[in-house]
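Numbering of residues begins at 1 and proceeds along the displayed sequence.
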Amino acid sequence: MGGAGLPMSVSVMVVDDHPIWRDGVARDLAERGFDVVATAGDAASAVRIARAVRPDVVLMDLNLGESTGVEATTVITGSLTGTRVLVLSASGEHDDVLEAVKAGASGYLVKSASAEELVEAVNRTAAGDAVFTAGLAGLVLGEYRRMAATPDEDKPQLTDRETEVLRLVAKGLTARQIANRLVISHRTVENHVQSTLRKLQLHNRVELARYAIEHGLDVEPEGT
């Protein structure tokens, strides 16, 4: 539907309990070529409407009055396999990021992000990438790394290259960015990703990033 320069048509639902903010974000995304199919102001209506319209991406606030965006995220990601949740929150606390990821969120963006960052994050979330505001992924991964100090003998064994690719996926890099970083071909990166998915019995890059978080892989935040 969009002309030159506009993103591919991605259906988006915006969930926030502040009407002015919610409508503003929805309007900005629509102006940039996204198909904003619905909005919601609380967790219960978010779940109900998401099940009805099945958007590609739900842009989810965490503070929704009496209920939380974490609760809504858990239900939506558990029942709608084609829908991904990108948290857009005023909080940059890593405990909030951790809870959102555990609930199934594909990424976490703070509300101070620019419009360009939001557009890129929604597009990347729709494409299956894990997207985090700079620094947040490292905070959460560091916390899990401390929690996961005990060795797990049942953990699948990855090659050094597969582990390196997994670490970069968990940082939120695209396959092309990983290829450039490791000086290997895009196809080779995809082969490593597919091999890692098979070994870990996972289905996509979002689950790979979540695996890295939950198993405390040594992933440092990108320098800025």
Q: Tell me, do F132 and V101 make a side-chain contact under 4.5 Å, heavy atoms counted?
A: yes
Q: Should the pair D61-K111 be classified as a salt bridge under the 4.0 Å nitrogen-to-oxygen rule?
A: yes
Q: Are the side chain of D16 and the backbone of H18 linked by a donor-acceptor contact shorter than 3.5 Å?
A: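 Checking the backbone N and O of H18 against the side chain of D16, a donor-acceptor pair under 3.5 Å is found.
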Q: Considering only heavy atoms from C-beta outward, does the side chain of L109 approach that of V87 to under 4.5 Å?
A: no
Q: Let me know which of R54, M60, M13 forms a side-chain contact (heavy atoms from CB on, under 4.5 Å) with I76.
A: M60
Q: Using the test side chain to side chain contact (heavy atoms under 4.5 Å, CB included), find all partners of T77 that sit at least two apart in sequence or belong to another chain.
A: T73, V85
Q: Do S9 and D35 have side-chain atoms, one donor and one acceptor, less than 3.5 Å apart?
A: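 Their side chains do not contain a donor-acceptor pair, so the 3.5 Å distance test is not met.
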Q: Inspect the contact between R161 and E164 and indicate whether a charged nitrogen and a carboxylate oxygen are less than 4.0 angstrom apart.
A: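 Salt bridge flag = no for R161 with E164.
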Q: Taking T163 for the side chain and T159 for the main chain, is one N or O donor matched with an acceptor at less than 3.5 Å?
A: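 Checking the backbone N and O of T159 against the side chain of T163, a donor-acceptor pair under 3.5 Å is found.
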Q: OG1 of T188 to CD1 of I178: how many Å apart, nearest 0.5 Å?
A: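 So the gap between those two atoms works out to 12.0 Å.
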Q: Is it the case that one hydrophobic cluster holds both V110 and V131, taking links as side-chain heavy atoms less than 4.5 Å apart, direct or via other members?
A: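 No, it is not one cluster - the side chains of V110 and V131 are not joined through contacts under 4.5 Å.
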Q: Kindly indicate whether the side chain of F34, heavy atoms from C-beta on, has any atom under 4.5 Å from the side chain of V122.
A: yes
Q: Show me the pairs that pass side-chain hydrogen bond (donor to acceptor under 3.5 Å, both in side chains) and involve residues 189-198, at least two apart or across chains.
A: E162-S195, E190-R205
Q: When you measure from the side chain of R84 to the backbone of V57, do you find a donor-acceptor pair of N or O atoms at a distance under 3.5 Å?
A: no
Q: For H186, look at atom NE2 and say whether over 12 heavy atoms of other residues, nucleotides or ligands are found less than 6.0 Å away.
A: yes
Q: Tell me, do T68 and L62 make a side-chain contact under 4.5 Å, heavy atoms counted?
A: no
Q: For E120, what residues pass the salt bridge (Lys or Arg N to Asp or Glu O under 4.0 Å) criterion, not counting sequence neighbours?
A: none
Q: Could you tell me whether the side chain of L29 reaches within less than 4.5 Å of the side chain of L59, counting heavy atoms only?
A: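 In short, these two side chains touch, coming nearer than 4.5 Å.
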Q: Indicate if L88 and L86 have the same hydrophobic cluster label, given that clusters are the connected sets of ILVMFWY residues with side-chain heavy-atom separations under 4.5 angstrom.
A: yes
Q: Given 3.5 Å as the limit, does a donor-acceptor pair link the side chain of S11 with the main chain of V37, or not?
A: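 No, because the side chain of S11 does not come within donor-acceptor range (under 3.5 Å) of the backbone of V37.
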